[in-house]
Trainee: 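Have a look at this one before I ask anything.
Just so you know, these numbers use all the heavy atoms, side chains as well, and skip hydrogens, waters and symmetry mates. Proteins get letters first, then strands, A, B, ... in listed order; numbering begins at 1 in each.
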Protein chains: 2
Amino acid sequence: MSRIMVDLRSRKPIFEQIVDSVRDLVVRGLLKPDEHLPSVRVLAAELAINPNTIQKAYGELERQGVIYSLAGRGNFVASDISSVKDAHRAELMNALKKSALEAAEYGIAEDEMINGIKDVLREHKGGNIK
Amino acid sequence: MSRIMVDLRSRKPIFEQIVDSVRDLVVRGLLKPDEHLPSVRVLAAELAINPNTIQKAYGELERQGVIYSLAGRGNFVASDISSVKDAHRAELMNALKKSALEAAEYGIAEDEMINGIKDVLREHKGGNIK
DNA sequence: ATAACTGTACTAATACAAATAGTACACCAC
DNA sequence: GTGGTGTACTATTTGTATTAGTACAGTTAT
């Protein structure tokens, strides 16, 4: 069973959802380096979408250095994912900062932001609400 | 001269850019309550896009309660924009929290987030970069 | 009343990207 | 060789945004 999920109703293109999903699993360590990914055809069958869409996603993932492919063997998670992890960490911090800047431009105070974040993190740590 | 801008190269639909742009101007107070918006045809000419696209955007803005329209008169900023402002404020805080949650799930520490935010806000306050 | 604006409501055509369908070929493991 | 794999194509379908064009009713100013 693959943990890759797609939402057909989403506005985000399917191939992009797959790219994000796989990169997320890799970055979170749920997919280990050199781990064998489901083949284009198998994943297409599981997700009930076209193989070409999977191929497009895998191609993009390879371009990003998240996975590599061996002719006739299959697709595998990159051996060294440190750069991918670093990039992801930077992306997350960047998004957070951008969000804070927008809030600041609208006049929301720094304290309010920080308190809001502390609150939501406390909830997350505790109840594991989701 | 209208302050409404669109980027034809963006992936975001033009009508959606207009919706966001106008709501943003209203929320920031650059467009006052009951202020007269440029007519569908005039704005279309200024932005060099089709009047139907403007109409679609204005229709959505009216649906959201950001503007109202008078037949034969034109479109106007809503008289009471407090609810729009409140909603926008909530959206910004929500986005910030969501961003923080994602970062936390990836293992970024609360302190690092807060320090990053403080840094970027300090830059913004001071140099007014960008 | 008339002209020149306004919003509104349609239909049709166009453009573009995503996704599907189908085929073909080369590589690898058994 | 058989079966599974990646890869590379072309053609088609689909969905949505956008454009194009027209029509009509209300408002404003003259």
Trainee: To the nearest Å, give me how far apart NZ (B:Lys56) and C1' (D:dT19) are.
Mentor: 12 Å

Trainee: Rounded to whole Å, please give me the gap between CG in A:Leu37 and P in D:dG6.
Mentor: 9 Å

Trainee: Quick check for you: among D:dA20, C:dT20, D:dG26, whose closest atom lies nearest to any side-chain atom of B:Ala71?
Mentor: D:dG26

Trainee: Could you work out which one of D:dG26, C:dA18, D:dT19 sits closest to the side chain of A:Pro13?
Mentor: C:dA18

Trainee: Please tell me if B:Thr53 has a side-chain N or O lying less than 4.0 Å from either OP1 or OP2 of D:dT19.
Mentor: yes

Trainee: Can you measure A:Phe76 atom CZ to C:dC28 atom P for me and round it to whole angstrom units?
Mentor: 12 Å

Trainee: Donor-acceptor pairs under 3.5 angstrom involving side-chain atoms of residues 106-115 of chain B: please list them, not counting sequence neighbours.
Mentor:
from: B:Tyr106; atom 1: OH; to: A:Lys85; atom 2: O; distance (Å): 3.2
from: B:Glu112; atom 1: OE1; to: A:Arg89; atom 2: NH2; distance (Å): 2.8
from: B:Asn115; atom 1: ND2; to: B:Asp111; atom 2: O; distance (Å): 3.2

Trainee: Expressed as a whole number of angstroms, how long is the span from B:Ile14:CD1 to C:dT14:P?
Mentor: 19 Å

Trainee: Whole-Å distance between C:dA21 P and A:Ile49 CD1?
Mentor: 11 Å

Trainee: To the side chain of A:Gln55, which of C:dT6, D:dT7, D:dT18 is closest?
Mentor: D:dT7

Trainee: Check whether any side-chain N or O of B:Ser69 sits under 4.0 Å from OP1 or OP2 of C:dT8, and answer yes or no.
Mentor: yes

Trainee: Which one, C:dT20, C:dC10, D:dG6, comes nearest to the side chain of A:Asn75?
Mentor: D:dG6

Trainee: Using side-chain heavy atoms (C-beta onward) and a distance below 4.5 Å, is B:Asp20 in contact with B:Gln17?
Mentor: no

Trainee: Select one nucleotide: of D:dT18, C:dG22, C:dC27, the one nearest the side-chain heavy atoms of B:Phe15.
Mentor: D:dT18

Trainee: Under a 4.5 Å cut-off applied to non-hydrogen side-chain atoms, are A:Glu46 and A:Val42 in contact?
Mentor: yes

Trainee: Within a strict 4.5 Å, meaning less than it, do heavy atoms of the A:Val27 and A:Ile81 side chains meet?
Mentor: no

Trainee: Using whole Å, report how far CD1 of B:Ile54 lies from C1' of C:dT6.
Mentor: 15 Å

Trainee: Using whole Å, what does the distance between atom C1' of nucleotide D:dT16 and atom NZ of A:Lys12 come to?
Mentor: 19 Å

Trainee: Starting at the 5' end of DNA chain D and moving along, which residue's nearest nucleotide shows up first, A:Arg11 or A:Val42?
Mentor: A:Val42

Trainee: For B:Ala48 and A:Arg73, take the nucleotide of DNA chain D holding the closest heavy atom to each; which residue's nucleotide lies nearer the 5' end?
Mentor: A:Arg73

Trainee: Let me know the distance between CG of B:Leu61 and C1' of C:dG7, rounded to the nearest Å.
Mentor: 15 Å

Trainee: Return whichever of A:Asn52 or A:Gly72 has its heavy-atom-nearest nucleotide of DNA chain C closer to the 5' end.
Mentor: A:Asn52

Trainee: Return yes if the base of C:dG7 and the side-chain atoms of B:Arg41 contain a donor-acceptor N/O pair under 3.5 Å, otherwise no.
Mentor: yes

Trainee: Side-chain contact test, heavy atoms from C-beta onward, threshold under 4.5 Å: evaluate it for A:Val77 versus A:Val66 and give yes or no.
Mentor: no

Trainee: Quiz question: going by heavy-atom distance under 3.5 Å, is there a donor-acceptor pair between the base of C:dG22 and the side chain of A:Asn50?
Mentor: no

